[in-house]
Amino acid sequence: MYKYFANAFVVNEGKEGYANILVKGNRIEAIISEPLSDLPLGTEYIDCTGLTLIPGVIDCHVHFRQPGMEYKADMESESKAALAGGVTTVLEMPNTNPTTTSIEELENKNALAQENMYCNYGFFLGLTNSNSEIAKNISRDLCFGLKLFLGSSTGNMLVDNKSSLDELFSITDKVISAHCEDEAIIRENLSKYKSEYGDNGTAILHPKIRTSEACYKSSAFAVQMAEKNSTRLHIAHISTKKEISLLKSGKIESKNITAEVSPIHLWFCSDDFEQYGNLIKCNPSIKTKEDREALREALRTDKIDIIATDHAPHTKEEKQKPYFEAPSGIPSIQHSLLIMLQLVKQNVLSLPQLVEKMSHNPAILFDIKERGFLKKGYFADFVLINSKEKTTITKENLYSKCNWSPFEGETFDSKIVATYLNGEKAYENGVIQPQKAALKV
Ligand code: DOR
Ligand code: ZN
């Protein structure tokens, strides 16, 4: 019933230092700086000497493809990839098949998750041109946020009707996570480059079609609507320098408009299309080095509040199609924490900032109770990291069902040693524990 995590280097709420954590059942009983001399009888002792312990990562933007696209991925495979990557809770997006745009589909997803998820979970309701009434009245228990596609992407969930948008932006008691890319600009560029290149187009064209201007125009529109209506707007996967001018710095609690960036947009830049091609085709597109620098800077200055993956698996076969046919999306949930730890090593951000943006802030924004922090009484969701051991990514150690990653062959300077979920060991040294400890958050 008791577990004692001894002598860990703990990072939590802006502080770093050695501590011991006593867990009772699925919750944190005590966090103490001096070792406990009297452990309760039968306590399991977990020696964390040399390891860093942080609250489990909460990834508020993932696509797990179930129901309907299980040939690409499913809840079991992707939630295992999450655990192997130190992610303990996911909020999953509605562009499945059928789309998650009704109460019935949310209930269906929750039932599927109860059977199949290995990490904690919650779901988004997808907004449409005609479901504002459902979105207004839906219980918080059933959905954690509303997803709005202001630009079309995988799943054709574009919302483009003016009066529907007025209705949707008038919802103020739930977070609207918006995919912002201007549809008219994209369509125009797409037809121009298709006629120019025909079958010879490559992924180098992607940021020329899904441009910075398309992102800025759509994000500016969303911000303007949110300011007018006091909407709780969260801009998903910011990818450009220009959009950052729309954001304010400050603590997440003080803002009505927040923003997220993906490790993918922080890691790659448009120079990488030559090497990776469609493997790094995603929406919004990866932009220039200058954009990437601005995104990194915006993390440090708290203009960007959250790091979330937009984990979006497609099969290798699909990604190997010609550029215009290949779907957008990159699997990354297993490597997001490793990528961000690498950026900590490169002084892009500090370790407490990483924890704030990958664990604390998603819990605050989506009101995920008793998670995201190391606090007495909170759920014991932990990641144990060895920052002196390297990890090389190979096909053999991937959990995502699509079984490819743009990081194959990459070596990161840290290792995720173990992930604890609701007080139970869920992953350790390459092995997922067979028993499920996952909970709906
Ligand atoms: O690249 C993307 N892939 N962007 C999205 O908006 C959707 C996602 C997917 O579901 O494949
Ligand atoms: Zn997405």
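Throughout, numbering of the chain's residues begins at 1 and tracks the sequence. Just follow the structure's listing: the first ligand is 1, and inside any ligand the first atom is 1.
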Subject >> Side chains of Asn429 and Lys415, donor plus acceptor under 3.5 Å >> reply: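 On atom types as modelled, these side chains qualify, holding a pair under 3.5 Å.
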**OP:** Anything with a heavy atom under 4.0 Å from ligand 1 counts, so go ahead and list those protein residues by chain and number.
**Re:**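 Contacts of ligand 1 under 4.0 Å: His63, Arg65, Asn95, Phe149, Ser153, Thr154, His179, Cys282, Asn283, Asp310, Ala312, His314, Ser328, Gly329.
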Subject >> Interatomic distance, Asp381 atom CG to Leu439 atom CG [nearest 0.5 angstrom] >> reply: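 Here the interatomic distance stands at 8.5 Å.
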**OP:** Output, in order, the C-alpha distance, side-chain angles, deciding distance and verdict of side-chain contact (heavy atoms from CB on, under 4.5 Å) for Val383 and Tyr420.
**Re:** CA-CA 6 Å; Val383 192; Tyr420 281 76; over 6 Å; no
Under 6.0 Å from the [atom1] atom of [X], do we count more than 12 heavy atoms belonging to anything else shown?
X: Asn156; atom1: CG; value: no
X: Lys174; atom1: NZ; value: yes
X: Glu370; atom1: CD; value: yes

Subject >> Test log, rule side-chain contact (heavy atoms from CB on, under 4.5 Å), inputs Leu127 and Phe149 >> reply: CA-CA 8 Å; Leu127 298 175; Phe149 282 92; over 6 Å; no
Original post:
Tell me, do Phe9 and Leu51 make a side-chain contact under 4.5 Å, heavy atoms counted?
Top reply: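 Phe9 vs Leu51: side chains apart.
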Original post:
Could you walk me through whether Lys251 and Glu356 pass the salt bridge (charged side-chain N to carboxylate O under 4.0 Å, His left out) check?
Top reply: CA-CA 10 Å; Lys251 289 281 147 205; Glu356 179 181 47; 2.7 Å; yes
**OP:** Provide the tally of protein N/O/S atoms nearer than 2.8 Å to the Zn ion (ligand 2).
**Re:**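 If we list every protein N, O or S atom nearer than 2.8 Å to the Zn ion (ligand 2), we get 3.
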